[in-house]
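These notes concern the structure reproduced below.
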Amino acid sequence: MIAKCRELCIKYREILIYLIVGVLTTIFSWAACFIFERFFLNPDITWQNALINTIGWIAGVCFAYPLNRKWVFRSTNPKIIKEFGEFAASRLSTWILDLVVMELTVNVWALNYWISKIFISSVLVTILNYVFSKIFIFKKDK
């Protein structure tokens, strides 16, 4: 049983570590969102909702890149600035998705901010971020 678990962990290492890093990144990003949503800005005002999400996005990208580079995808690319630029650009598309989803769910459909953030936007963003990182950013040369 332990050998089988170990085998599965080795086989799915990248995805497991990605999920752990993703949870940590999400906590970091949401903490930034929470601070600004609770103390400085009002998510019911469209531009402030967008600003809250932008702050969370910037915090998340800066936190996630080094962890994804080192632990998830084990990148050895010497062009770190270029790689970070590609990473940030790929995250830009999912940031835009996050803004659209949050605008629709909170400001148009009047759903709760955190329900929308956790159960709708974050699921979509997490899946797309992995796909973009795997295929475009940290691709292994064969």
Side-chain angles (χ1 to χ4, degrees), residues 1 4-142:
M1 177 72 170
K4 184 66 173 170
C5 284
R6 178 173 291 181
E7 181 182 318
L8 287 172
C9 286
I10 290 168
K11 181 176 181 180
Y12 297 108
R13 180 207 156 277
E14 184 178 276
I15 291 173
L16 292 171
I17 301 285
Y18 180 79
L19 291 173
I20 293 167
V21 166
V23 167
L24 294 173
T25 300
T26 300
I27 291 168
F28 192 81
S29 177
W30 286 356
C33 289
F34 177 81
I35 290 166
F36 281 86
E37 185 261 339
R38 287 286 174 207
F39 300 110
F40 301 108
L41 300 167
N42 181 351
D44 295 327
I45 299 170
T46 297
W47 74 268
Q48 291 185 24
N49 185 336
L51 184 57
I52 292 166
N53 284 289
T54 302
I55 291 165
W57 178 82
I58 292 169
V61 168
C62 292
F63 182 85
Y65 172 71
L67 298 179
N68 275 281
R69 176 181 166 77
K70 182 172 177 72
W71 292 337
V72 178
F73 298 103
R74 298 178 176 177
S75 175
T76 57
N77 185 345
K79 298 177 181 173
I80 295 172
I81 301 293
K82 180 179 185 287
E83 187 179 71
F84 175 76
E86 292 171 347
F87 184 84
S90 75
R91 294 309 196 260
L92 184 62
S93 65
T94 55
W95 169 71
I96 292 167
L97 173 66
D98 180 49
L99 289 178
V100 170
V101 168
M102 293 304 291
E103 172 65 20
L104 284 173
T105 57
V106 175
N107 299 112
V108 175
W109 300 333
L111 296 178
N112 176 274
Y113 179 87
W114 288 107
I115 297 294
S116 299
K117 190 71 159 165
I118 293 167
F119 295 108
I120 301 170
S121 183
S122 293
V123 170
L124 295 171
V125 166
T126 299
I127 292 167
L128 284 175
N129 281 342
Y130 179 78
V131 169
F132 292 158
S133 290
K134 180 77 174 167
I135 294 172
F136 300 114
I137 312 308
F138 301 107
K139 58 189 176 285
K140 303 283 188 225
D141 293 332
K142 302 217 179 202

Do any side-chain atoms of residues 106-113 form donor-acceptor pairs under 3.5 angstrom with protein atoms, and if so which ones, sequence neighbours left out?
residue, atom, partner, partner atom, Å
N107, OD1, N49, ND2, 3.0
N107, ND2, D44, O, 3.4
N112, OD1, W114, N, 2.8
N112, OD1, I115, N, 3.1

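- Using a 4.0 Å cut-off between charged side-chain N and carboxylate O, K134 and E14 make a salt bridge.
- S133 places no side-chain N or O within donor-acceptor distance of the main-chain N or O of Y130, the cut-off being under 3.5 Å.
- Remark: the backbone N or O of A64 is paired with a side-chain donor or acceptor of N68 at under 3.5 angstrom.
- Remark: L104 CG to I120 CD1 distance equals 9.5 Å, nearest 0.5 Å.
- No more than 12 heavy-atom neighbours from other residues, nucleotides or ligands sit within 6.0 angstrom of CD1 on I81.
- Proximity of Y18 to T126: side-chain heavy atoms (C-beta onward) are separated by under 4.5 Å at one or more points.
- Between W57 and W95, the two ring planes are tilted [angle within 30° to 60°].
- Between the OG1 atom in T26 and the CG atom in L19 there is a gap of 10.0 Å [rounded to 0.5 Å].
- Side-chain contact between T94 and D98 is absent, with no heavy atoms from C-beta onward closer than 4.5 Å.
- Not a single salt bridge (charged side-chain N to carboxylate O under 4.0 Å, His left out) links K70 to another residue, sequence neighbours left out.
- Interatomic distance, OG1 of T46 versus CG of L51, reported as 12.5 Å (0.5 Å rounding).
- Sorted pairs that involve residues 31-43 and meet side-chain hydrogen bond (donor to acceptor under 3.5 Å, both in side chains), not counting sequence neighbours, are lacking altogether.
- R13 CZ: more than 12 foreign heavy atoms inside a 6.0 Å radius.
- Under a 3.5 Å cut-off, the side chain of S29 and the backbone N or O of T25 do not form any donor-acceptor pair.
- With a 4.5 Å cut-off on side-chain heavy atoms, L67 and V72 do not count as touching.
- In this structure, R69 contributes its side chain and N77 its backbone to a donor-acceptor pair below 3.5 Å.
- Put simply, CH2 on W30 and CD1 on I52 are 14.5 Å apart, with the number rounded to the nearest 0.5 Å.
- Contact detail for A32 and A59: the closest heavy-atom pair is CB-CB, 4.0 Å.
- The existence of a salt bridge linking E7 and K11 is excluded, since no basic side-chain nitrogen approaches an acidic carboxylate oxygen closer than 4.0 Å.
- Between F119 and V123, every side-chain heavy-atom pair lies at or beyond the 4.5 Å cut-off.
- Taken from CZ in R91 to CD1 in I96, the straight-line distance is 14.0 Å, to the nearest 0.5 Å.
- Side-chain atoms of F136 and V131, non-hydrogen and from C-beta on, never get closer than 4.5 Å to each other.
- How far CD1 of I58 is from CG of N53: 11.5 Å, rounded to the nearest 0.5 Å.
- Of all heavy-atom pairs between K117 and S122, the closest is O-OG, 2.6 Å.
- Y65 places no side-chain N or O within donor-acceptor distance of the main-chain N or O of F87, the cut-off being under 3.5 Å.
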